[in-house]
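Read through the structure below, which is laid out as structure tokens, and then see the notes.
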Amino acid sequence: MLNIILCGAPGSGKGTQSEYIVKKYGLEHLSTGDLLRHEIASGSRFGQQIDAIISKGNLVPDDVMLRLIDQYLEKLPAGTKGVIFDGFPRTLNQAIEFEKMLAHKQTSSHLIDLHVDEDELIHRLLERGKTSGRSDDNLETIKKRLVIYHHQTEAVSKYYKDLKKYYAVNGTGTVEEIFGRICSIVDSL
Ligand code: AP5
Ligand code: MG
């Protein structure tokens, strides 16, 4: 299986680029943010608990996320070519436990890290916030999400750097230009 983690700060283009990668390479796409928002939309008690966390810009606890990922991996049909993991893992602990799960399935993953300046990230998310309806697309929560990204998620990049499975990509330019940079990495894997 070809498993790719698309990593990067909030607004770096993970969701946008995932759609392109899925179309070109025939991979599955798991956005943990979308999965959680789907749960919120269902109105379940679990969804209400998640909503309280996401709307403050905090991370959902590792044990919850790891259970969801485990369930997702178990349900993957035999013959799946691979998966784009968009927004997961987001903490060092998630990364370590995730690689253990993949190792059980005789596979592993590579991390592509989208680099975008903070001013551009804030600009993109405020623009999206005008129509997205996302409870976390407001300036206060965006700033909190960026702080959490630097404090918790950058450790994930370091972990994959140490594993020599890390690829940095300039995430500014047109969507097509960035996709071209990603393709040259994916083609080499
Ligand atoms: P999640 O949904 O993953 O949000 P995020 O990481 O904050 O990232 P976004 O989805 O906001 O941005 P993106 O990188 O996908 O960019 P996009 O393509 O949309 O997570 C939300 C929350 O869920 C977390 O805060 C946390 O609470 C929880 N959560 C999720 N996963 C978790 C985990 N593993 N552990 C714990 N908690 C978890 O692009 C952004 C905008 O920019 C769009 O409007 C787009 O059109 C535009 N754009 C894209 N590319 C370009 C470009 N090249 N030029 C100009 N504009 C562009
Ligand atoms: Mg996204």
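Any value given below was found using the heavy atoms of this structure, including those in side chains, with hydrogens, waters and symmetry copies removed. As the structure lists them, so they are numbered: ligands from 1, and atoms in each ligand from 1. All values reported here derive from a predicted model rather than from experimental measurement.
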**Request:** For G173, counting its heavy atoms only, list the atoms of ligand 1 lying under 4.0 Å from any of them.
**Result:** 52 (C), 53 (N), 54 (N)
**Request:** Look at D51 together with K56 and state whether they make a salt bridge at an N to O cut-off of under 4.0 Å.
**Result:** no
**Contact (N/O only, under 3.5 Å) between P10 and ligand 1** = no
**Item:** Heteroatom distance test (D34, ligand 1): nitrogen or oxygen, under 3.5 angstrom
**Value:** no
**Complete:** Counting heavy atoms under 4.0 Å, the part of L36 that contacts ligand 1 is side chain
**Message:** Below a 4.0 angstrom heavy-atom separation, can you tell me which part of T172, side chain or backbone, both or neither, approaches ligand 1?
**Reply:** neither
**Asked** Is the shortest N/O to N/O distance between I178 and ligand 1 below 3.5 Å?
**Response** no
**Message:** Considering both backbone and side-chain atoms of D86, is one of its nitrogen or oxygen atoms within less than 3.5 Å of a nitrogen or oxygen in ligand 1?
**Reply:** no
**Item:** ligand 1 contact by I53, heavy-atom criterion under 4.0 angstrom
**Value:** no
**Salt-bridge present (E127, R124; N to O < 4.0 Å)** = no
**Prompt:** Could you walk me through whether S31 and F88 pass the side-chain contact (heavy atoms from CB on, under 4.5 Å) check?
**Reply:** CA-CA 8 Å; S31 157; F88 178 90; over 6 Å; no
**Request:** Could you see which bit of R145 sits under 4.0 Å from ligand 1, with heavy atoms only: side chain, backbone, both or neither?
**Result:** side chain
**Prompt:** Would you say G8 contacts ligand 1, with heavy atoms under 4.0 Å as the rule?
**Reply:** no
**Asked** Does ligand 1 have any atom sitting under 4.0 Å from a heavy atom of L35?
**Response** no
**Prompt:** Is ligand 1 under 4.0 Å from a heavy atom in the side chain of K14, in the backbone, in both, or in neither?
**Reply:** both
**Complete:** Quick look: E127 vs ligand 1, heavy-atom contacts under 4.0 Å, and the answer is neither
**Message:** Among all the protein's non-hydrogen atoms, which is closest to atom 18 (O) of ligand 1, and how far away is it?
**Reply:** T16 OG1, 2.5 Å
